[in-house]
2 protein chains.
Amino acid sequence: MHKQSVTAEDVARRAGVSRAVVSRALSNNGSISPATRERVLQVAKELGYQVNFLAQGLNRRRSHLIGVIVSRIDDPFRSSLLDGLLGEIQRNGFQALVTEIRSEQELAETLRHFTQFRVSGVIVTSGKPPEALVSECVQQQIPVVGINRQPDIPGVDYVCSDNAAGAILAAEQLVKTGCRRFGWINNHHSTWAGRIRGEAFRLALSERGVDVDNNLAALLSSAEGYEGGLQTAAGLEVIPQGIFCANAQLACGFLDGMRQRGKDAPQDFQLIGFDNTPQTAQYSYRLTTLNQDVAEISRLALMHLLERARTPLQPSRTSWVKVDLIHRQTSFSLT
Amino acid sequence: MHKQSVTAEDVARRAGVSRAVVSRALSNNGSISPATRERVLQVAKELGYQVNFLAQGLNRRRSHLIGVIVSRIDDPFRSSLLDGLLGEIQRNGFQALVTEIRSEQELAETLRHFTQFRVSGVIVTSGKPPEALVSECVQQQIPVVGINRQPDIPGVDYVCSDNAAGAILAAEQLVKTGCRRFGWINNHHSTWAGRIRGEAFRLALSERGVDVDNNLAALLSSAEGYEGGLQTAAGLEVIPQGIFCANAQLACGFLDGMRQRGKDAPQDFQLIGFDNTPQTAQYSYRLTTLNQDVAEISRLALMHLLERARTPLQPSRTSWVKVDLIHRQTSFSLT
DNA sequence: TTGAAAGCGGTACCAA
DNA sequence: TTGGTACCGCTTTCAA
């Protein structure tokens, strides 16, 4: 025979009260005299009573779970974002239900699973959820927040790095240090954030007098991440003087690809990446890059979740998180 | 008024059967005529019925959740392990409850939370759970598996990379290529896996005729990861010819630290790391390293979980996963 | 094969 | 302040 777990019933009996009282004692919800409260708590501790979250959730129609949708967490930026989110989720007393998706199809399934667990909220860091499903969440009062997604679904809140501002900083840096011919590196299948960065870069250059039609080369790679950057470098014919990269992985790959060709930054070209992953700071790269404030992004994500849980009908909000240029060795100093 | 979610009751009514039948139809558990089964399924689909996992779990005293304990997932090896685990967990129809811990204290709390959710299993990739708590899991028939932990808790299954074999491969490589003076780099507060690697390295060297007391330097850094390696390199007085590193982050940091001093592998020293993280493969590092088979580790972890769920009383098992030497540029070729 | 009913372990309302 | 009780939504005997 194996020990069953202790239930509220057990505690109630031992403390000489009803189950209801036990519930109140533990949730300080509903009135109870300090004395009994104390006694119940004491007994609960003695017996090692632990609330059954399944039962509790069933009742309250809400578990203390927060669903997080991620993808490709072997990408350092993604894993640091997940890191930040897990921290915030736990700090706020929730548990994270993490699902890694490989397709939009899986995203839909995942969202279903989340609702089946009556999660207290959903955080989407990858993919674009079908509106129909999201509106189911909204109907069920489940807050949804997207991170670095295009803020276009009603009822969903968003937290985005200020990609455009970052691109402007990059453009400014490169123009001011005398570049005339520019390059923009991105994946062929770009995320929304990537596209914004590219468009803003182009606009910022043009506003600074660059003839972008002739002097800005868009280098789109079919491969992802490091490999994509590597291939881009290998296939490059004329080397632009100032290059802006949609993300850190591409940037590191590109830099390595150029090094294989005997070229290096900043002497042969300037290179600015995005994301400021730990790797970009390392001695072998020391890449100038735009830092995404992961801690702040995570904090805001949880804040939106909690606020919307309180007032489900409020209009959608988007928080923009400041991005900073971290100056390292792949670009020239301005001074 | 907001739409309540569809329940089994609704499906039952619409299909003209009882709730019990609906349950059977969906769980193909208990007898039911193919005809009704079909009809119920049809209705369920029409209504968009989704099982409430909380209620289901409450009843079966088991949710379809698997708790995963991790730490520092910004370490590339850790995040790729998590990646592998998430994949396996999802493939097997479970959902992952992921908690990142920062102390043994948090580990204990986390384990509690897991049991409160009646998880179907627990995977520990970091820290050492208190035996008392683990035995509670065992009592409640919750399978626990440790990954790369010292296999010493009764009732727990383990999956470990064959660290000793890896260390032997490293020793062999270095000895055969003519090294006479060796170095072993690790953190001061090492994991169990790290210690094993170090001990096995020492033993393997000594078995190959190396006077380890005089010709093997243990370089223990207080800092973790890349930074630790960097500092080790900075403080190094005599440079050993053959260096073995407890993990990839240390190795990359060390290599960079040496480069800052104008030294590089393999001309000034040979360097072999552990983990084969993506970064070690990159052009700027091309580190010889021991590969941990993350996919296999993850597969075995789930296998143990499932097997023990079936036969909870079976004796503890430990699976050892083969480790391979990936030969790159920081060591000499053997041929 | 099917339905009725007793839980699973809490929560919260209502009366006392 | 307390206890009784009706659920929450599903599973699983037990009879029919």
Side-chain angles (χ1 to χ4, degrees), chain A residues 2-41 43-44 47-65 115-120 140-141, chain B residues 2-41 43-44 47-65 112-113 115-120 140-141:
Chain A
H2 71 276
K3 185 181 91 190
Q4 285 298 338
S5 39
V6 184
T7 74
E9 183 75 52
D10 299 327
V11 177
R13 197 163 22 230
R14 185 91 127 75
V17 294
S18 72
R19 252 158 63 214
V21 173
V22 174
S23 174
R24 287 173 205 137
L26 277 103
S27 58
N28 34 324
N29 191 342
S31 68
I32 181 175
S33 84
T36 30
R37 198 186 121 82
E38 208 46 52
R39 186 156 41 89
V40 172
L41 255 32
V43 173
L47 266 44
Y49 169 69
Q50 304 284 126
V51 177
N52 180 325
F53 287 153
L54 263 22
Q56 185 180 69
L58 176 56
N59 237 294
R60 301 198 172 149
R61 335 183 131 49
R62 196 107 310 168
S63 63
H64 253 53
L65 258 23
T115 61
Q116 292 184 275
F117 270 115
R118 299 293 186 267
V119 296
S120 295
Q140 300 189 32
Q141 318 257 51
Chain B
H2 70 276
K3 185 182 89 190
Q4 284 299 336
S5 39
V6 184
T7 74
E9 183 75 52
D10 299 328
V11 177
R13 197 163 22 227
R14 186 89 126 74
V17 295
S18 72
R19 255 157 59 211
V21 174
V22 175
S23 174
R24 286 175 202 135
L26 276 103
S27 59
N28 36 326
N29 190 342
S31 67
I32 181 175
S33 83
T36 31
R37 197 186 121 82
E38 209 47 52
R39 186 156 42 89
V40 171
L41 254 33
V43 173
L47 267 45
Y49 171 68
Q50 304 285 125
V51 177
N52 179 326
F53 287 152
L54 263 20
Q56 184 181 69
L58 175 57
N59 233 291
R60 300 199 172 150
R61 335 182 132 51
R62 196 107 309 168
S63 63
H64 253 52
L65 257 23
R112 292 240 96 95
H113 291 326
T115 60
Q116 293 184 274
F117 271 114
R118 299 293 186 269
V119 296
S120 295
Q140 300 189 33
Q141 318 257 53

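Everything numeric in this text was worked out from a predicted model, so none of it was measured. Order of the sequence lines sets the chain letters (A, B, ...), proteins ahead of strands, with each chain counted from 1.
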Enquirer: Do B:Arg39 and B:Val17 have side chains that get closer than 4.5 Å, going by heavy atoms?
Expert: yes
Enquirer: Tell me, yes or no, whether the heavy-atom count around A:Glu38 atom CD, taken from other residues, nucleotides or ligands under 6.0 Å, exceeds 12.
Expert: no
Enquirer: When you match B:Asn59 and A:Gln56 each to their closest nucleotide on DNA chain C, which lands nearer the 5' end?
Expert: B:Asn59
Enquirer: Using a cut-off of 4.0 Å on non-hydrogen atoms, how would the nucleic acid contact of A:Val22 be classed: base, sugar-phosphate, or nothing?
Expert: nothing
Enquirer: For B:Ser23, report the nucleic acid contact type (base, sugar-phosphate, nothing); a contact means any heavy atom under 4.0 Å.
Expert: base
Enquirer: Taking the nucleotide of DNA chain C with the closest heavy atom to each, which residue, B:Ala55 or B:Val17, is nearer the 5' end?
Expert: B:Val17
Enquirer: How is B:Ser31 classified with respect to the nucleic acid when contacts are heavy atoms under 4.0 Å: base, sugar-phosphate, or nothing?
Expert: base
Enquirer: So what does B:Leu58 hit on the nucleic acid, given a heavy-atom distance under 4.0 Å: a base, only sugar-phosphate, or nothing?
Expert: base
Enquirer: Starting at CD of A:Gln141, measure out to CZ of A:Arg62 and round the result to the nearest 0.5 Å.
Expert: 7.0 Å
Enquirer: Quick one: are A:Arg24 and A:Asn29 in side-chain contact, heavy atoms under 4.5 Å?
Expert: no
Enquirer: Considering the terminal five base pairs at each end of the helix from C:dT1-D:dA16 to C:dA16-D:dT1, what angle separates the two local helix axes, rounded to 10°?
Expert: 40°
Enquirer: Where does the chain B footprint on DNA chain C start and end, counting 5' to 3' with a 4.0 Å heavy-atom cut-off?
Expert: C:dT1 to C:dG9
Enquirer: Between A:Arg60 and A:Ser27, is a side-chain contact (heavy atoms from CB on, under 4.5 Å) present by the stated rule, with each step listed?
Expert: CA-CA 12 Å; A:Arg60 301 198 172 149; A:Ser27 58; 3.8 Å; yes
Enquirer: Test side chain to side chain donor-acceptor pair (under 3.5 Å) on B:Ser5 and A:Arg118; report intermediate values, then the result.
Expert: CA-CA 11 Å; B:Ser5 39; A:Arg118 299 293 186 267; 3.1 Å; yes
Enquirer: So what does B:Gln116 touch, heavy atoms closer than 4.0 Å: a base, only the sugar-phosphate, or nothing?
Expert: nothing
Enquirer: Using a 4.0 Å heavy-atom cut-off, does B:Thr36 contact any base of the nucleic acid, only the sugar-phosphate backbone, or nothing at all?
Expert: sugar-phosphate
Enquirer: Answer yes or no: is there a side-chain heavy-atom contact under 4.5 Å between B:Leu65 and B:Phe53?
Expert: no
Enquirer: Can you check whether A:Leu47 reaches A:Arg14 side chain to side chain, under 4.5 Å on heavy atoms?
Expert: yes
Enquirer: Mind listing the closest non-hydrogen atom pair of B:Thr115 and B:Arg112 along with its distance?
Expert: OG1-O, 2.7 Å
Enquirer: Using a heavy-atom cut-off of 4.0 Å across all strands, would you classify A:Arg24 as base, sugar-phosphate, or nothing?
Expert: base
Enquirer: Nearest 0.5 Å, please: how far is CD in B:Gln116 from CG in A:Leu54?
Expert: 10.5 Å
Enquirer: Just wondering, do B:Tyr49 and B:Leu26 contact through their side chains at under 4.5 Å, heavy atoms?
Expert: yes
Enquirer: Report which part of the nucleic acid B:Phe53 touches: base, sugar-phosphate, or nothing (heavy-atom distance under 4.0 Å, all strands).
Expert: nothing
Enquirer: Just the endpoints, please: which first and last nucleotides of DNA chain D, 5' to 3', lie under 4.0 Å from a heavy atom of chain B?
Expert: D:dG9 to D:dT13
Enquirer: Assign B:Ala8 to base, sugar-phosphate, or nothing according to its heavy-atom contacts below 4.0 angstrom with the strands shown.
Expert: sugar-phosphate
